[in-house]
Every structure is written in structure tokens, then in C-alpha cells.
Amino acid sequence: MKKTACLAALLLLLATVSVACRSSAVSESTTESTTDKKMVTVGFSQLGAESDWRRTNTESMQSALSEENGFKLIYKNGQQKQANQVTALRMFIQQEVDYIVLAPETETGWDFVLKEAKDAGIPVIIVDRRVDVQDRSLYTCWVGSDFELEGQKMTTWLHEFTEKNSIAPEDVHIVNIQGTLGSTAQIGRTRALNNAVRDYGWDLLASESGDFTEVRGKEVMASFLRKYDNINVVYCENDNEAIGAIAAIEAAGKKAGPDILNGEIMVVSFDGINKDARQYLKEGKISCIAECNPLHGPRVQALIETLERGETPEQFNYVAETLFSSLTDITSITVGTETYAVEIEK
Ligand code: AHR
């Protein structure tokens, strides 16, 4: 009788343990498959790694679209070639990702591949530069900078500087080291300069692309200095070009600085992310930088989360940006009806 009771108790214990084990196994695998389901797969085609801005932008995307945040990110570096980016997009479509994020090198040439993504039912988020497509429904939304406004802020600042220092427009001799031709950042910043040259009557000596790199910025500036002996302003369409331009100015035995009626060459640029450029700003070698903010990762994450909730985000999402200067006498500028504070870097 005792033996039978013991055996029954043992069997009951074994049964309980076995059920407990099974139920824990079931709940673990349920958890796993729920996690799997929640992971959002994103294919991100970055255009390249030409500048500090771009590298910071890539890092921002990778840290926001991380596994901890519920994303499986497939990252492809286009190495500055649109053909590589098109191939990456086609690969993402084949892999049936949930979203495609595209940072395009230049504006044109995207219609076909974006139509393929749309036909596959994959929403596309454009980041940083824009795409110029006939049908705007080929992408869901865009987030980035107003590049022409950045240029308008810079040219307004330069105009204020000339007024405050009684410099006649015909004494302003500018060269423009442009960004990658056909990119939105180049188109907007160049357009702003060309309009200001027309409106204020400055002397624009030459414009040539430096491809947003330090190496090309130096080469282009060196060739400008060989051709023109009266350059007193260089408008660099990003900080890496500005660093290259300053190296060329110094190699030619000249000085980068704001005293433009007494032989110095004023350097102005865009971005504000490069540490050396910020140091040059403090030293007065760069006089003004229009900010271009690269931290789009959390913004893209928020857009995807909006879409995941079944809501519709705005199609165009602009980032607020400022101006940095080492000169203390211009503390704000007005473009159109908006006034922007200038952050004085000391
Ligand atoms: O499109 C943004 C621009 O691209 C940044 O100003 C430049 O530094 C980058 O390469």
C-alpha cells in the first residue's frame, strides 16, 4: 500500500515536471517567433562615404535601425555610383524587405527602379538628397535638409558682412567649389549663390565641382589660385572641400581669413560636423558654416514606426538648421520672413 502511494507520488511529480518543461519550451518558442515577427527588415542604400557628414549619417542610420530597436538592417554602400545603388535596390526587392531607404547620389534616373519597388508593394523612404521623378507616388516620403535655404542663409550672411564692413559688391571676387554635380545639395547651394551674385552684383570668377571631398577641394582651389590672382572669397559646398581649399591657399603662401580687402581669402562652407572644420572656424580660417544636419537615423526610424502603425507621414520632412560663425558682429540673419540666430563659435 505504502509502495503504491510512493509510486503514484513519483509518477505525479514526473508528470508535473514534464508539463512544466513542455510549457516553458512552448512559451520560449512563442516568444522567439513573436520577436521574429516584430523585426522590421530595412534595406538601406547609402550613396557612398565621400565626407565626414556621410560617415556620420551612416552611423546614425545604423544605430537607429538596430536589432535592439526591432530592425534587421541590410546596408549597402553605393561607392558613389548610381548603378550600384540601383543594383542594391533590386536586391532588396528580391529579398522582399519591409522598407527600402534610399540616400541617392544624384536626383535623376530613379523612375524605373522605384516603380519596381512600388509594384512589389515595398514603401520607399528617401533620405538626405531628393529624387526627381515624374510620379511622386513612387516613394512614400523624404526627410532631409533644405539645401537652397542653407545657401540663402550663407549668402545673406555674406551680404551682411560686406554691408557692415563697407565692402562694395564689385570688390567681392568669389570662386565656388561645388558639390557632386546633379545632387540636391549641390543644386540648392549653387542656385542660392548664383541668385545672390545676380541680386547683389558680386563678381563670381568660376565654379567647378570638388565632389564634396577634401582631395578634390584642394585640387580645384589650387587650379583657381593659378588662374585668378584676385580671389577673396571661396564658397565651398561642404566642410571637406573647405579643408582642402585652406591647404591649397596656405600652400600658395596666402592666408585664409575675413580681411578680404587686405589680401586674405574668406572661406565659407556647409555641414558643421567635421572636427577640423569647427577648429578652423574657431581660428578664423573659416568664417561661416551653414549647418547641414546628418542625424537622420532617428527620423527615419520615426517615419517607419508611423507607417507601421498604419498612419500616413508627411511626404516632405525638413530638418531645422542653424549657422555657425567666428565673427561676432552678425548674430542673426533674415531670409524671407524668417529670422535665424547665428551661433557664435569661440
Ligand atoms: O547631401 C548632403 C551633403 O553630402 C553634405 O553637405 C556633404 O558633406 C555630403 O557629402
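Index from 1, following the sequence. We count ligands from 1, going down the list as the structure has it; atoms in each ligand are counted the same way.
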Show which atoms of ligand 1 fall inside a sub-4.0 Å distance from at least one heavy-atom site of [X].
X	result
E50	4 (O), 9 (C), 10 (O)
A185	1 (O)
S51	7 (C), 8 (O), 9 (C), 10 (O)

Can K76 be said to sit on top of F44's aromatic six-ring, NZ or CZ under 6.0 Å from centre and within 45° of the ring axis?
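So K76 doesn't make the cation-pi contact.
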Any side-chain donor-acceptor pair under 3.5 Å between [X] and [Y]?
X	Y	result
E241	Y235	no
H173	N232	no
D211	Q178	no

Can Y318 and W142 be said to form a ring pair (Phe, Tyr, Trp, His ring centres under 6.0 Å), step by step?
CA-CA 8 Å; Y318 289 95; W142 164 87; 5.0 Å; yes
Under 3.5 Å, N or O to N or O, is R54 touching ligand 1 that way?
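Such a contact does occur with ligand 1.
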R130 vs E107, test: salt bridge (Lys or Arg N to Asp or Glu O under 4.0 Å). Steps then yes/no.
CA-CA 6 Å; R130 305 270 280 254; E107 291 194 348; over 6 Å; no
Closest protein heavy atom (residue, atom, distance) for [atom]:
atom	result
atom 3 (C) of ligand 1	R129 NH2, 3.8 Å
atom 6 (O) of ligand 1	D271 OD1, 2.6 Å
atom 2 (C) of ligand 1	D128 OD1, 3.3 Å

Under 4.0 Å, heavy atoms only, figure out whether ligand 1 is touched by the backbone of R189, its side chain, both or neither.
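The answer is the side chain of R189.
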